[in-house]
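All remarks here apply to the structure that follows.
All figures in this text were calculated on a predicted structure; none of them were measured in a lab.
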Amino acid sequence: MKHILKQTRTTLIWLLASIVAWLCFTTLTMQSAYAQQDQLTLLPAQCVAMQQGQDCYVTVELNWSSKVADDYCLFANNRAAPLQCWKTRQTGIFKGEIKTKQSIDFQLSTPDRTVILSTAQLTVAWVHKKKGKPRTSWRLF
């Protein structure tokens with residue numbers, strides 16, 4: 001009886017160790033596949049204006065790559081039309097002048113925008129924060 005219990009424990013331990021090893025392998029495989037997902041890189045990632053609320057001007061470069069050659073378009077959240085589209089490509093580059101007062105979200109997606117493959121954000125910063133109402137001071141002279 002003790003021999004059967006000992007054998008059952010050993011089998012159970014091997015079974016649990018196998019499950020843990022399989023889970024670790026599966027997790028590492030999924031992380032590796034995620035690391036190879038479609039990518040969208042934005043340079044520079046920040047635009048700096050002198051004062052809050054002023055237009056910010058910057059030349060951006062967006063590089064993208066995909067595992068699958070297909071039709072892709074680059075969209076910005078402040079425009080309805082795509083910035084640029086590519087036919088049956090796995091990589092692409094967009095260079096352009098941007099004028100904005102607010103941060104912009106870029107999306108690499110299918111032309112009909114049903115599948116968003118990757119995103120990047122251009123943030124707007126400023127050197128001087130916009131001041132509130134000017135204080136009125138009283139002067140006698």
So the salt bridge (Lys or Arg N to Asp or Glu O under 4.0 Å) pairs with at least one residue in residues 43-53 (sequence neighbours excluded) are none
Examine the side chains of Gln90 and Ser66 and answer whether a donor and an acceptor come within less than 3.5 Å of each other. no
Just to verify, what does [X] make a side-chain contact (heavy atoms from CB on, under 4.5 Å) with, not counting sequence neighbours?
X	value
Lys101	Asp55
Lys87	Asp71
Thr110	Asp112, Thr114, Val115
Ile93	Glu61, Asn63, Lys95

Run the numbers on Gln51 and Trp126 for side-chain contact (heavy atoms from CB on, under 4.5 Å), then give the verdict. CA-CA 5 Å; Gln51 293 239 332; Trp126 51 87; 5.9 Å; no
Which pairs count as disulfide bond (SG atoms under 2.5 Å apart) when at least one residue sits in residues 65-113, sequence neighbours excluded?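 Listed once each, the pairs are Cys73-Cys85.
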Run the side-chain contact (heavy atoms from CB on, under 4.5 Å) check on Thr41 and Leu62 step by step: do they pass? CA-CA 5 Å; Thr41 308; Leu62 288 123; over 6 Å; no
Side-chain donor-acceptor distances from residues 116-124 under 3.5 Å, at least two apart:
from: Ser118; atom 1: OG; to: Leu40; atom 2: N; distance (Å): 3.3
from: Gln121; atom 1: NE2; to: Asp105; atom 2: OD1; distance (Å): 3.0
from: Thr123; atom 1: OG1; to: Ala45; atom 2: O; distance (Å): 3.3

Donor-acceptor pair, side chain of Arg79 and main chain of Ala81, under 3.5 angstrom: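 Judged by distance alone, no pair lies under 3.5 Å.
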At what distance, to the nearest 0.5 angstrom, does [atom1] of [X] lie from [atom2] of [Y]?
X	Y	atom1	atom2	value
Gln107	Leu83	CD	CG	10.5 Å
Gln84	Leu74	CD	CG	7.5 Å
Ile98	Ile104	CD1	CD1	5.0 Å

Minimum heavy-atom distance Thr59-Pro44, with the two atoms named: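 So the minimum-distance heavy-atom pair works out to O-CD, 3.5 Å.
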Pairs touching residues 86-111 that satisfy ring pair (Phe, Tyr, Trp, His ring centres under 6.0 Å), sequence neighbours left out: Trp64-Trp86
Running the 4.5 Å side-chain criterion over Ile, Leu, Val, Met, Phe, Trp and Tyr, what cluster does Val127 land in, apart from itself?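 Once heavy-atom contacts under 4.5 Å are chained together, Val127 belongs with Val48, Met50.
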Given the rule in the side-chain contact (heavy atoms from CB on, under 4.5 Å) test, do Val60 and Leu43 qualify, once you have shown the distances and angles that lead to the verdict? CA-CA 6 Å; Val60 296; Leu43 290 174; over 6 Å; no
Quick one: does NZ or CZ of Arg113 land under 6.0 Å from the six-membered ring centre of Phe75, within 45 degrees of the ring axis?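 Here Arg113 passes the 6.0 Å and 45° test against Phe75.
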